[in-house]
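Numbers restart at 1 for each chain; the letters A, B, ... are given by sequence-line order, proteins then strands. All figures in this text were calculated on a predicted structure; none of them were measured in a lab.
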Amino acid sequence: MTAAVRTRFAPSPTGFLHIGGLRTALFCWLYARRHGGRFILRIEDTDLERSTDEAIQQILDGLEWAGLAHDEGPFYQTRRFGRYREVIEAMLQEGSAYRCYCTKEELDQLRAAQLARGEKPRYDGRWRERTDSRPGVQPVIRFKNPLDGEVVVEDVVHGRVVFQNRELDDLIIARSDGSPTYNFCVVVDDMDMDITHVIRGDDHLNNTPRQQNMLEALGRRPPVYAHLPMILGADGAKLSKRHGAVSVLQYRDEGYLPEALLNYLVRLGWSHGDQEIFSLDEMRRAFDIADVNKSAAAFNADKLSWLNQQHMMRAPLARMIWPLRWQLERAGVEVEDEVRLEQIVLALRERVKNLKDMAAQALFFFRAPLAYDEKAQRKHVTPDVLALWGALAGELAALQPWTAPALHELLNGLAAANGLALGKLVQPIRLAVCGAVVSPPIDATLALLGREETLSRLARAKAAWSP
RNA sequence: GCUCCCUUCGUCUAGAGGCCUAGGACACGGCCCUCUCAAGGCUGUAACACGAGUUCGAAUCUCGUAGGGAGCGCCA
């Protein structure tokens, strides 16, 4: 029996959760779910200067909105300082770590000199074998990295990556104030939390050999590593605020369904034959970390939009209600009637790309238009049609029942009887009730609007349009 | 600068030596459907970075070159 899969997502709360982080979380989550394992959330907040509670909350909110529930945690590194100290003490005892009394100035000087010589800047190990100390200097603790030989990282996505130990220097694992550093905490945490699969961005690939060396010094076998390709901005440059390095919560605000965002993200670097649209369940069943490819992917907002619409068209109506209602509220309209909301979803979901637009397009169902599109008015409102408005109003008033099919029949009949193409009759009506000439089919629109409101808007329009 | 990683249509990708005159999707163009807008159907334009090898045969293997990215912090 193989050990249960345990993955972790370990963001540092120095900013919001963005697309890249969410994708990493998604892959960790999917992999754990796929294998009946556990998904652990760990907050890497050892940078006391830059970590904030707001950022932590944002990350939690973002993951919750996305539906990526963790099974354990969140664990905070700041609450584990005692444990780190304990491990460092042990390493000092058995000689895999040592105190270094170099000053920052000294190190800066060393770096500058190396750079000037065209060398890779790195610590030269000058305190590695010393046992004395330097009065007045608080030492840092460094890990004693092997001097020669190689470290082989067996990466699930990149394959075998070999590093030479002589390229690696003795990194600092505890600052002079005693606080532990990232590369060390990760190792201890992954070890203590029994993480079996470390899935993270490939910007960490270069950290991996040192982490593996530390793990070895601690007497542990390395976990399985999977380094995911980066996500680039639409122009192929590094993701920045302009591109989509915005909080994932902003996607919620813009009217995206989380399952659509996740679907978009899962296809960045991963594929399953020719399939483009995945439900969460399908993703879970089909996903395998071994199918992830190596190259960075550019973010494409058009495709995300398309996917969002596809998911809206496929979603159960009930699932669409709360986000639509939320968007409507943000647009200033409170709606209680869920049946009506469902009908609106039905009428609009194939004509908009997101819920925010859906709410905007739905507004006329709740508020009569304040103005009419002038261009459309010039084009569609003719004396011929206006002459029919009396008859139209009369027939509408008498129509039984007030349903889309009945309305359809009525409009068709009226147009035919007067030798008009249906469009000639319908566009002015559309303009009268919506204020514009874009809406769902007119029969469905009027059916949803109701008889009373329809008649009142027709009358208002007629008054506004009559010379 | 050094080390590591990456390289198929504009973009996301399929492709694991012959199935490839390179497939799908988004976007873009055309046609159809049609009361508007969409959605949908059909269809078109468009790619193996370059150069050497290996092989009967290479998008697929090897080596170079070029381009891009990451790391080299008492940041994570």
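- A:Q309 has no side-chain polar atom (N or O) that falls below the 4.0 Å cut-off from OP1 or OP2 of B:G40.
- If you take CG of A:D202 and P of B:A70, they are 10 Å apart, rounded to a whole angstrom.
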*ring-ring contact (aromatic ring centres under 6.0 Å, His included) between A:Y31 and A:H197: does it pass, once the steps are laid out?*
CA-CA 9 Å; A:Y31 192 75; A:H197 298 254; 4.7 Å; yes
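- Distance, A:Q427 CD to B:C35 P: 11 Å, rounded to whole Å.
- Residue A:Y101 contributes atom OH, which lies 15 Å from atom C1' of B:C74 at whole-angstrom precision.
- Pairing of B:C26, defined by two Watson-Crick or G-U wobble distances under 3.5 Å, is identified with B:G10.
- Considering A:P13, A:C185, A:P11 in turn, A:P13 is the only one that fulfils the side chain to side chain contact (heavy atoms under 4.5 Å, CB included) rule with A:D45.
- Nearest heavy-atom pair, A:Y251 versus A:V246, reported as atom, atom and distance to 0.1 Å: CE1-CG2, 3.8 Å.
- Between the C1' atoms of B:U55 and B:G18, the separation comes to 12 Å (whole Å).
- A close approach under 4.0 Å does occur between a side-chain nitrogen or oxygen of A:N293 and OP1 or OP2 of B:A14.
- Nucleotide B:A16 forms a pair with no other nucleotide shown, judged by Watson-Crick or G-U wobble geometry with both contacts under 3.5 Å.
- Which of B:U3, B:G40, B:A76 sits closest to the side chain of A:Q310 comes down to B:G40.
- Side-chain contact check for A:M358 versus A:K353: every heavy-atom pair is 4.5 Å or farther apart.
- Put simply, CG on A:L232 is 16 Å from P on B:G10, counting in whole angstrom units.
- Per the geometry, CH2 belonging to A:W270 stands 11 Å off P belonging to B:A14, to the nearest Å.
- Checking B:A39 for Watson-Crick or G-U wobble geometry (two distances, each under 3.5 Å) identifies no partner in any strand.
- For B:U60 and B:U54, the C1' atoms lie 13 Å apart once the distance is rounded to whole Å.
- Residue A:R111 places no side-chain atom within donor-acceptor reach of the base of B:C72, judged by atom type and a 3.5 Å distance cut-off alone.
- Going from the C1' atom of B:G69 to that of B:A58 covers 27 Å, rounded to whole Å.
- Between the P atoms of B:G73 and B:C61, the separation comes to 35 Å (whole Å).
- Salt bridge present: A:E453 and A:R457 bring a charged side-chain N and a carboxylate O closer than 4.0 Å.
- Distance from the side chain of A:R430 is smallest for B:U36 among the nucleotides B:A76, B:C5, B:U36.
- Separating the CZ atom of A:F299 from the P atom of B:A25 is a distance of 21 Å, rounded to the nearest angstrom.
- For A:S295 and B:G69, the shortest distance from a side-chain N or O to OP1 or OP2 is not below 4.0 Å.
- Going from the C1' atom of B:G24 to that of B:G15 covers 12 Å, rounded to whole Å.
- With salt bridges taken as basic N to acidic carboxylate O contacts below 4.0 Å, one links A:D170 and A:R128.
- Comment: A:E86 engages A:R83 in a salt bridge, judged by a side-chain N to carboxylate O separation of less than 4.0 angstrom.
- Closest approach to the A:D443 side chain among B:C74, B:U36, B:C35 is made by B:C35 (side chain taken as heavy atoms from C-beta onward).
- Looking at heavy-atom distances under 4.0 Å, A:P440 makes contact with a base.
- Within the 4.5 Å cutoff, the side chain of A:W402 has heavy atoms near those of the A:L396 side chain.
- Note on A:S271: a side-chain N or O is less than 4.0 Å away from OP1 or OP2 of B:A14.
- In this structure, A:K294 does not reach the B:G69 phosphate: none of its side-chain N or O atoms is under 4.0 Å from OP1 or OP2.
- A donor-acceptor contact under 3.5 Å is formed by the side chain of A:E276 with the base of B:G24.
- In this structure, A:Y182 places its OH atom 11 Å from P of B:C72, rounding to the nearest Å.
- Of the listed nucleotides (B:U36, B:A70, B:C12), B:A70 has the atom at the smallest distance from the side chain of A:D203.
- Side-chain N/O atoms of A:D274 and base N/O atoms of B:G23 include a donor-acceptor pair closer than 3.5 Å.
- Pairing of B:C72, defined by two Watson-Crick or G-U wobble distances under 3.5 Å, is identified with B:G1.
- Distance from the side chain of A:A298 is smallest to B:U11 among B:C35, B:U11, B:C2.
- In a base pair of the Watson-Crick type (N1 to N3 plus N6-O4 or O6-N4) or a G-U wobble (N1-O2 and O6-N3), with each distance short of 3.5 Å, B:C33 is matched with no nucleotide.
- Close to B:A76, at under 4.0 Å from its OP1 or OP2, lies no side-chain N or O of A:R50.
- Checking the phosphate oxygens (OP1, OP2) of B:C6, a side-chain nitrogen or oxygen of A:H158 falls inside 4.0 Å.
- The residue A:T46 sits close only to the backbone: its heavy atoms come under 4.0 Å of sugar-phosphate atoms, none of a base.
- Taking only distance into account, the side chain of A:S176 meets the base of B:C74 through a donor-acceptor pair shorter than 3.5 Å.
- Comparing B:C74, B:C12, B:C35 against the side chain of A:R267 picks out B:C12 as the nearest.
- Distance from the side chain of A:M313 is smallest for B:A39 among the nucleotides B:G73, B:U3, B:A39.
- To the nearest whole angstrom, the two P atoms, one in B:U7 and one in B:U11, are 14 Å apart.
- Side-chain proximity of A:P441 to the nucleotides B:C35, B:G24, B:A76 is greatest for B:C35.
- B:A76 atom C1' lies 13 Å from atom CG of A:D189, rounded to whole Å.
- Nucleotides B:U21 and B:A47 are separated by 15 Å at their C1' atoms, to the nearest Å.
- Looking at every heavy atom in both residues, A:T52 comes nearest to A:A55 through OG1-N, 3.0 Å.
- Across all strands shown, B:C50 pairs with B:G64; the Watson-Crick or G-U wobble distances both stay below 3.5 Å.
- When the P atom is used for both B:C56 and B:C20, the distance is 24 Å, rounded to whole Å.
- As the counterpart of B:U21, no nucleotide is assigned, since no Watson-Crick or G-U wobble pattern has both distances under 3.5 Å.
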